[in-house]
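Please read the structure below before turning to the comments.
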Protein chains: 2
Amino acid sequence: MLRVTKLADYGIVMLTYLAANRESTYTARDMAKIVQLPLPVVSKVLKLLGKAGLLTSQRGTKGGYSLARDPQEITVATVIRALEGPIAVTECIAVNRDCNLELGCPVRTNWHLINHAIQSALEKITLAEMTKPLNQSLVCLNLPVPETASKNLDISYERQQQH
Amino acid sequence: MLRVTKLADYGIVMLTYLAANRESTYTARDMAKIVQLPLPVVSKVLKLLGKAGLLTSQRGTKGGYSLARDPQEITVATVIRALEGPIAVTECIAVNRDCNLELGCPVRTNWHLINHAIQSALEKITLAEMTKPLNQSLVCLNLPVPETASKNLDISYERQQQH
DNA sequence: TGATACTGGACCGTTTTAGTACTGTTTATT
DNA sequence: AATAAACAGTACTAAAACGGTCCAGTATCA
Ligand code: FES
Ligand code: FES
């Protein structure tokens, strides 16, 4: 469905909060209160983020979590990977099997490039940037296929359509 | 899981095939044979694509499907929307509700921009381009946040990491 | 020593997806 | 007109993923 899981969503929100308040540490209970989510859920997310090395954790009394790296060093892509595994837009990218097309799949290599493009985009957005509203966002995806090299360079938002 | 559904995957493959063979029409049974997928599945996808106006369908004997528009006019984004609804990277983008954060969600507006970026990228890739392998694909996502305006302009693929 | 808080993993209900089936309608052919 | 081929619509089932919970274990500090 081209959608990020809720856990990843939660993770981004929590990490963004921690990025904005770097000095102190927060316990899972704290975060649950802040994010207004059930404790077990928050705990699960924090555990995963800790295991991925994005958070440092301190056990025992006075324990809690805090950001392990600079907010500029943590990208949205990294968070997503930490919480839901490798970013793979299609299944055949995740597991490297071929689809059932007769003579090999023609779109496969293109899916790889699309996947790479999306991943690369997510890789460029850091937690530091998530803390403050991005005032502008432009995507230019250049596809210098021989015939259509020029017409893909312009940025057109008008074609957007919703259901 | 930031993944496109199988139906959408199938749809892209089939449409790409039809784009490469525009002259003739193909029945669902034909396509099932070509794509090596069960007929009911293929049929379902083709029906949805027909309803979305991407395919013209002819009933009765000698019936079948064929592309309704020029391959250059059909984008990957359109196909995905036809088969799995609006593109929404997070749930709070799909339904316009606020998450449970105390003072409104700080990352929400940023998610909107990210979603827009991805959608915009998918909007730029047409079926015509899917038929032939894209030899190159560059993404530059400009995020001219005051402080970090310049450093986001470079294109760095080195940071990619997999699980 | 006890209370607090993270760690790890299993667990289960719900939702979504994937795939099937069936009934009806259109159309070309005979 | 009869027939067969093929799409249209919808309902249904099975499987997988997700969202969320729970508990037993371990580390830490007062
Ligand atoms: S290999 Fe995945 S669609 Fe062909
Ligand atoms: S509104 Fe969706 S994460 Fe806050």
Side-chain angles (χ1 to χ4, degrees), chain A residues 1-11 13-14 18 24-33 35-66 68 80 83-86 88 90-92 94-95 99-100, chain B residues 1-11 13-14 18 24-33 35-66 68 80 82-85 88 90-92 94-95 99-100:
Chain A
M1 189 211 289
L2 203 51
R3 181 165 304 179
V4 99
T5 61
K6 284 194 179 182
L7 254 49
D9 193 355
Y10 301 160
V13 174
M14 289 194 261
L18 290 175
S24 50
T25 78
Y26 292 86
T27 155
R29 198 174 301 270
D30 293 340
M31 291 307 297
K33 182 145 232 166
V35 191
Q36 294 282 61
L37 249 39
L39 175 57
V41 177
V42 169
S43 184
K44 185 182 203 171
V45 173
L46 291 174
K47 270 185 278 190
L48 285 169
L49 293 175
K51 180 143 65 177
L54 275 59
L55 294 176
T56 57
S57 60
Q58 177 69 18
R59 296 216 233 192
T61 320
K62 296 282 184 180
Y65 294 94
S66 63
I80 292 177
L83 292 172
E84 54 185 39
T90 63
E91 189 182 339
C92 25
V95 302
C99 77
N100 301 330
Chain B
M1 188 212 291
L2 201 53
R3 183 166 303 179
V4 99
T5 60
K6 284 193 179 183
L7 254 49
D9 193 355
Y10 300 159
V13 173
M14 288 194 264
L18 290 175
S24 50
T25 78
Y26 293 85
T27 151
R29 197 173 301 271
D30 293 341
M31 291 308 295
K33 182 145 231 166
V35 192
Q36 294 283 61
L37 250 38
L39 174 58
V41 176
V42 169
S43 185
K44 185 184 203 170
V45 173
L46 291 174
K47 270 185 275 190
L48 285 169
L49 293 175
K51 180 143 65 177
L54 274 62
L55 293 176
T56 56
S57 60
Q58 177 69 19
R59 296 218 234 193
T61 319
K62 295 282 185 182
Y65 294 94
S66 62
I80 293 177
L83 292 173
E84 54 185 38
T90 63
E91 189 182 341
C92 25
V95 301
C99 75
N100 301 328

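So you know, we letter chains A, B, ... as the sequences are listed, proteins then strands, and number each from 1. Model, not experiment: these values are computed from the prediction.
- Regarding A/L83, its CG atom lies at a distance of 18 Å from the P atom of D/dA17, rounded to whole Å.
- The side chain to side chain donor-acceptor pair (under 3.5 Å) search around A/S57 returns none, not counting sequence neighbours.
- Distance A/M1 CE to D/dG19 C1': 13 Å, rounded to the nearest Å.
- Atom CD of B/E84 and atom C1' of C/dT15 are 16 Å apart (whole Å).
- Atom CG in A/L49 sits about 11 Å away from atom P in C/dT7, given to the nearest Å.
- Contact between the side-chain N/O atoms of A/Y10 and the OP1/OP2 oxygens of D/dG20 is found at a separation under 4.0 Å.
- Only B/T27, B/A28, listed by number, bring a heavy atom of residues 24-31 of chain B to less than 4.0 angstrom from any atom of DNA chain D.
- The line from CG of B/L7 to CD1 of B/I80 is 12.0 Å long, rounded to the nearest 0.5 Å.
- Two residues are said to be in side-chain contact when any heavy atoms from C-beta on lie closer than 4.5 Å; B/E84 and A/L2 meet this criterion.
- Checked by atom type and distance alone, the side chain of A/T56 pairs as donor or acceptor with a backbone atom of A/S66 at under 3.5 Å.
- When each of B/T5 and A/G64 is assigned the nucleotide of DNA chain C with its nearest heavy atom, A/G64 is the one assigned upstream, toward the 5' end.
- Within a heavy-atom distance below 4.0 Å of DNA chain D, the residues of residues 50-62 of chain B found are B/S57, B/Q58, B/R59, B/G60, B/T61.
- With contacts defined as side-chain heavy-atom distances shorter than 4.5 Å, the pair B/V35/B/Y10 does not qualify.
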Side-chain donor-acceptor pairs of residues 39-52 of chain B under 3.5 Å, sequence neighbours excluded:
none

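- The distance from atom CE of A/M14 to atom CG of A/L54, rounded to the nearest 0.5 Å, is 12.5 Å.
- Within the 3.5 Å criterion, the main-chain N or O of A/T27 finds a donor-acceptor partner in the side chain of A/D30.
- For the pair B/R3 CZ and C/dA18 C1', the computed distance is 14 Å after rounding to whole Å.
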Report, one pair per line, the protein and nucleotides 14-16 of chain D atoms (nitrogen or oxygen only) whose separation is under 3.5 Å.
none

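- With rounding to whole Å, A/Y65 atom OH is found 8 Å from C/dA5 atom C1'.
- Between B/D9 atom CG and C/dT17 atom P there is a gap of 15 Å when expressed in whole angstrom units.
- For the segment residues 38-48 of chain B, the set of residues with a heavy atom within less than 4.0 Å of an atom of DNA chain C comprises B/P38, B/P40, B/V41, B/K44, in numerical order.
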